[in-house]
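Numbers for residues simply follow the sequence, beginning at 1.
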Amino acid sequence: MRIAFISDVHGNSVALEKVIMDINRKNIDQIVILGDICFRGPDPKKSLDLVRSLSAKVIKGNADEWIVRGIRRGEVPDGAFEIMSQEREFGKSLLHEEDLQYLKNLPTDIKLTADEYEIHCFHATPHNLFQNIMPDASDETFAKEILTDCKSDIFLYGHIHRPFIRYVNGKIIMNPGSVGLPFDGMPLASYGIIEVEGKNVQTEIHRVEYDIKQVIKMYEKNDYPNIGQMALVLRQGRPV
């Protein structure tokens with residue numbers, strides 16, 4: 001069984017289309033989307049429509065929560081609150097009420113079985129949409145915050161926009177990175193694949209090129225409220 005894991009599209013439909021094309025060439029049995037579909041990108045509606053066309057399992061991210069109910073003070077740095085609230089209003093304005101209800105009703109985690117492996121998927125941690133567990137966190141931190149379901153063997157989360165694979169206490173932890181806003185310095189869309197056959201398991205991170213200039217032009221055409229910063233993030237593949 002081959003499962004593709006997508007996370008953090010962030011309204012970048014151009015990158016998502018390229019990732020879907022790449023996945024379609026790889027004989028994938030199931031797609032799982034780990035949240036953050038619309039917010040901070042120039043094309044939230046098409047991004048959501050593409051996600052919903054995949055017959056994928058989808059969970060909610062913090063940015064999906066923000067689109068639905070707004071950003072609360074303390075959830076982002078004080079200096080970013082006003083501009084991110086404007087970005088949220090931009091994204092929400094391009095979605096329909098039915099889209100908002102879809103995002104609102106998404107589950108916050110899912111569990112699935114692949115041959116002899118149990119897989120637990122969530123956006124940030126199993127009990128918190130906003131917590132950052134970075135790739136270099138200690139084994140103790142991963143055990144406490146990520147490996148909370150003792151019956152699961154493989155754990156998938158997104159949120160931090162940095163792809164990695166780690167092994168802690170005999171468990172596999174994968175973060176597939178971000179499709180739409182990578183933060184690891186490589187300006188390529190990122191996603192993960194896990195292949196399971198009995199007890200045999202293989203984990204892979206895939207990087208996909210897409211037209212960054214096209215996405216920046218979409219920001220400009222749509223009069224996005226934070227064009228300069230978002231263009232720089234896309235070009236550098238890291239937050240600024």
Exercise. To the nearest 0.5 Å, how far apart are CD1 in Ile59 and CZ in Phe122?
Worked result: 8.0 Å
Exercise. Got a salt bridge between Arg2 and Glu197, using NZ or NE/NH1/NH2 to carboxylate O under 4.0 Å?
Worked result: no
Exercise. Quick one: do Glu65 and Lys60 make a salt bridge, cutoff under 4.0 Å?
Worked result: yes
Exercise. Under the 3.5 angstrom rule, does the side chain of Asn62 hit a backbone N or O of Phe130 as a donor-acceptor pair?
Worked result: no
Exercise. Does the pair Thr108 and His123 meet the rule for a side-chain contact (heavy atoms from CB on, under 4.5 Å), with working shown?
Worked result: CA-CA 7 Å; Thr108 56; His123 180 67; over 6 Å; no
Exercise. When you measure from the centre of the six-membered ring of Tyr117, is the NZ or CZ of Lys199 under 6.0 Å away and within 45° of the axis?
Worked result: yes
Problem set entry | Donor-acceptor contact present, side-chain Asp36 to main-chain Ser7, <3.5 Å | no
Exercise. Is a side-chain donor or acceptor of Arg166 paired with a backbone partner of Ala137 at a separation under 3.5 angstrom?
Worked result: yes
Exercise. Taking 4.0 angstrom as the limit, do Lys26 and Glu204 come out as a salt bridge?
Worked result: no
Problem set entry | Presence of salt bridge, Arg88 and Glu75, under 4.0 angstrom | no
For this session: Classify the ring geometry between Tyr219 and Tyr224 as parallel (under 30°), tilted (30 to 60°) or perpendicular (over 60°).
Result: perpendicular
Problem set entry | Criterion salt bridge (Lys or Arg N to Asp or Glu O under 4.0 Å) against Asp184, the qualifying member of Arg207, Arg162, Arg238 | Arg207
Exercise. Is it true that Asp211 and Lys18 have a side-chain N and a carboxylate O under 4.0 angstrom from each other?
Worked result: no
